Amino acid sequence: MSKKIFSGVQPTGNLHLGNYLGAIKNFVELQNEKENKCIFCVVDLHAITVKQEPKELKKNIRETAATFIACGIDPAQSIIFNQSMVSAHSEAAWILSCVSKIGWLNRMTQFKEKAGKDKEKASIGLYSYPVLMAADILLYDATHVPVGDDQKQHLELCRDIAQKFNNDFNAPDFLKVPEPLIQKQFSRIMSLKDGIKKMSKSDPSDLSRVNLTDDKDEILNKIKKAKTDPLPLPEEAKELAKRPEAENLLGIYSSLKNQNLEISVSEFSGKNFSEFKEKLSETLIEKIEPISKEIKRLLNDEKYLDTILLEGFHEADKMASKKIKEIKELVGF
Ligand code: TYM
């Protein structure tokens with residue numbers, strides 16, 4: 001059955017291995033199932049829920065589009081566009097925020113984490129962020145949404161919002177309730193410096209992540225310095241439960257190789273980390289170096305990137321304008 005795929009990535013700089021293995025790699029696989037229709041969005045409206053430097057944001061929007069293409073998203077096959085160019089996203093987000101309950105949003109763990117201790121100082125945008133995310137998805141009648149594990153709760157909320165809107169306006173099945181696509185394994189890549197912390201662009205230490213723009217030497221250095229534990233690698237996968245760093249590094253290796261964790265465990269069973277790290281670096285360089293080079297090449301061609309985003313805008317805008325018109329009609333505008 002053909003799927004309508006929608007997903008988004010924030011243009012906040014430092015797209016990293018977690019974004020790649022948890023989401024973008026999966027985007028490419030879904031695109032390559034020819035019958036699917038795929039839409040990938042650079043979600044700049046989401047980015048400004050925390051303060052951004054305007055010049056940096058502009059650069060990061062192009063860099064995110066370049067990263068999509070460098071990772072294998074083909075603009076001739078998939079739509080790549082920039083969220084803020086399609087005004088229906090903001091309009092739908094407002095309307096959906098009027099059917100969403102405060103109690104639902106109060107449960108969002110990502111807001112709690114991002115806002116930290118001083119919630120009073122967080123922006124309203126950061127709080128209502130998942131409603132905008134629901135608008136993104138529902139405007140396109142997306143059937144499937146590939147994301148990393150950290151977005152699971154936001155997708156559950158999106159489903160609740162769709163159902164509530166359909167109920168409130170007596171329009172069964174009008175907003176399509178989407179299915180999350182979260183990989184069973186390796187959907188949460190952890191920091192290289194701490195196996196219980198998610199790999200993240202906001203970590204102040206660049207050594208905590210492999211960026212998709214890193215070159216060979218940076219990758220070698222980061223893997224060399226990645227945290228481990230004093231034991232040799234385990235003989236069985238179940239022994240990894242208490243060894244988060246070993247589990248994460250073996251997970252990264254397995255995901256890059258498209259192989260089960262168990263196979264990687266048996267490949268390195270009883271070996272030292274130094275031997276494993278050599279293999280891991282080699283595999284990472286093989287995968288990431290071409291992506292990194294291609295991102296840099298594309299960034300020198302701003303005209304090309306802007307053309308792709310403009311073409312994507314026209315296609316996305318056609319779909320979203322139609323849907324927002326129907327939404328407004330139902331609401332009574
Ligand atoms: P963002 O920009 O934080 O991350 C983009 C994608 O990368 C995944 N990801 C990870 N996966 C595994 N391990 C990690 N350490 C890791 N870090 C990030 C995220 O799960 C995500 O899939 N709210 C979304 C963007 C968004 C969106 C949407 C997604 C806006 N509208 C509509 C889907 C549909 C976000 O902030 O992703």
Side-chain angles (χ1 to χ4, degrees), residues 4-28 30 38-50 52 60-61 63-64 67-68 71 73 81-84 86 89-90 92-93 96 108-111 113-114 125-126 128-159 161-162 176 178-203 208-212 244 247-248 251-252 255 316 320:
K4 191 152 188 200
I5 308 291
F6 184 99
S7 198
V9 175
Q10 292 194 61
T12 36
N14 285 335
L15 288 194
H16 52 71
L17 193 63
N19 298 123
Y20 179 67
L21 296 178
I24 304 174
K25 178 170 170 262
N26 208 4
F27 299 174
V28 178
L30 288 160
C38 298
I39 308 171
F40 300 114
C41 184
V42 181
V43 292
D44 53 353
L45 295 172
H46 279 103
I48 63 162
T49 56
V50 295
Q52 301 292 329
N60 288 336
I61 290 167
E63 188 165 321
T64 305
T67 304
F68 281 167
C71 289
I73 294 172
F81 80 106
N82 187 10
Q83 189 188 30
S84 66
V86 179
H89 288 251
S90 308
L96 295 178
M108 295 297 116
T109 52
Q110 197 167 82
F111 173 75
E113 280 163 25
K114 285 197 176 169
L126 189 67
S128 60
Y129 172 116
V131 181
L132 175 61
M133 182 164 158
D136 298 342
I137 297 164
L138 300 173
L139 274 173
Y140 298 90
D141 296 327
T143 59
H144 294 81
V145 183
V147 284
D149 176 72
D150 61 339
Q151 297 299 317
K152 192 173 171 189
Q153 198 185 27
H154 291 160
L155 285 184
E156 280 158 10
L157 179 79
C158 171
R159 292 167 59 89
I161 293 175
K176 301 280 167 291
E179 294 295 329
L181 285 180
I182 300 172
Q183 302 168 87
K184 280 193 195 75
Q185 281 188 310
F186 326 126
S187 60
R188 195 175 184 84
I189 304 297
M190 310 310 269
S191 158
L192 299 178
K193 288 273 140 206
D194 181 350
I196 54 172
K197 225 168 101 185
K198 195 180 70 170
M199 184 178 284
S200 152
K201 358 183 178 191
S202 53
D203 193 313
S208 68
R209 62 185 162 257
V210 172
N211 299 309
L212 297 179
E247 182 173 36
N248 187 42
I252 291 173
S255 180

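We count ligands from 1, going down the list as the structure has it; atoms in each ligand are counted the same way. Please read these numbers as outputs of a predicted model, since none were measured by experiment. Side-chain atoms are counted along with the backbone in the values below, which use heavy atoms only and exclude waters and symmetry mates.
- For ligand 1 and S7, the ligand atoms under 4.0 Å from any heavy atom of the residue are 29 (C), 33 (C), 34 (C).
- With ligand atoms numbered from 1 in the order given, ligand 1 contributes 33 (C), 34 (C) to contacts under 4.0 Å with heavy atoms of V145.
- Between the side chain of Q52 and the main chain of A47, a donor-acceptor pair closer than 3.5 Å is present.
- Every atom of ligand 1 with a heavy atom of R188 under 4.0 Å away is listed here by number and element: 12 (C), 13 (N).
- Between C71 and V28, the shortest heavy-atom contact is O-CG2, 3.4 Å.
- In the vicinity of K198, heavy-atom distances shorter than 4.0 Å reach the ligand 1 atoms 15 (N).
- Annotation: the span from C41 atom SG to H89 atom NE2 amounts to 5.0 Å, rounded to 0.5 Å.
- At the top of the distance list for atom 37 (O) of ligand 1, counting protein heavy atoms only, stands Q151 NE2, 3.9 Å.
- A distance of 10.0 Å separates OG1 in T64 from CG in L212, rounded to the nearest 0.5 Å.
- In this structure, the side chains of V9 and F27 come closer than 4.5 Å at one or more pairs of heavy atoms.
- Between K197 and D203 a salt bridge is recorded (basic side-chain N to carboxylate O distance below 4.0 Å).
- Of the listed residues (Y129, Y20, F27), the one carrying the non-hydrogen atom nearest atom 24 (C) of ligand 1 is Y129.
- Side-chain contact between F186 and L21 is absent, with no heavy atoms from C-beta onward closer than 4.5 Å.
- Here C41 has no heavy atoms under 4.0 Å from ligand 1, in either its backbone or its side chain.
- Considering OG1 of T143 and NZ of K176, their distance stands at 10.5 Å, rounded to 0.5 Å.
- Checked against salt bridge (Lys or Arg N to Asp or Glu O under 4.0 Å), D149 has the following partners two or more places apart in sequence or in another chain: R188.
- For the residues I189, D203, I137, the heavy atom positioned nearest atom 13 (N) of ligand 1 is part of I189.
- Protein heavy atom closest to atom 28 (C) of ligand 1, with residue, atom name and distance, is M133 CG, 3.4 Å.
- Counting protein heavy atoms only, atom 4 (O) of ligand 1 is closest to N19 ND2, 3.3 Å.
- Near F6, with a cut-off below 4.0 Å to any heavy atom, the atoms of ligand 1 are 32 (C), 34 (C).
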**Message:** Under the criterion ring pair (Phe, Tyr, Trp, His ring centres under 6.0 Å), I'd like the reasoning laid out for H154 against Y129: C-alpha separation, chi angles, the key distance, then a yes or no.
**Reply:** CA-CA 9 Å; H154 291 160; Y129 172 116; 5.7 Å; yes

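- The shortest N or O to N or O distance between G148 and ligand 1 is under 3.5 Å.
- In terms of protein heavy atoms, atom 25 (C) of ligand 1 is closest to G8 O, 3.5 Å.
- Contacts between V147 and ligand 1, counted as non-hydrogen atom pairs separated by less than 4.0 Å, involve both the backbone and the side chain.
- Among protein heavy atoms, atom 10 (C) of ligand 1 sits closest to G18 O, 3.4 Å.
- Side-chain contact between M190 and E247: absent, with no pair of heavy atoms (C-beta onward) separated by less than 4.5 Å.
- In terms of polar-atom proximity, defined here as any N/O pair under 3.5 Å, Q10 does make such a contact with ligand 1.
- In this structure, E156 has no salt bridge (Lys or Arg N to Asp or Glu O under 4.0 Å) partners at least two apart in sequence or on a different chain.
- Annotation: atom 6 (C) of ligand 1 to nearest protein heavy atom, A23 CB, 3.7 Å.
- Of the polar atoms of D136, at least one N or O is found under 3.5 Å from an N or O of ligand 1, judged by distance alone.
- What sits closest to atom 17 (N) of ligand 1 on the protein, heavy atoms only, is H16 CE1, 3.6 Å.
- Taking 4.0 Å as the cut-off, Q83 does not count as a neighbour of ligand 1 on heavy-atom distance.
- Summary of contacts: the protein heavy atom closest to atom 19 (C) of ligand 1 is D150 OD1, 3.3 Å.
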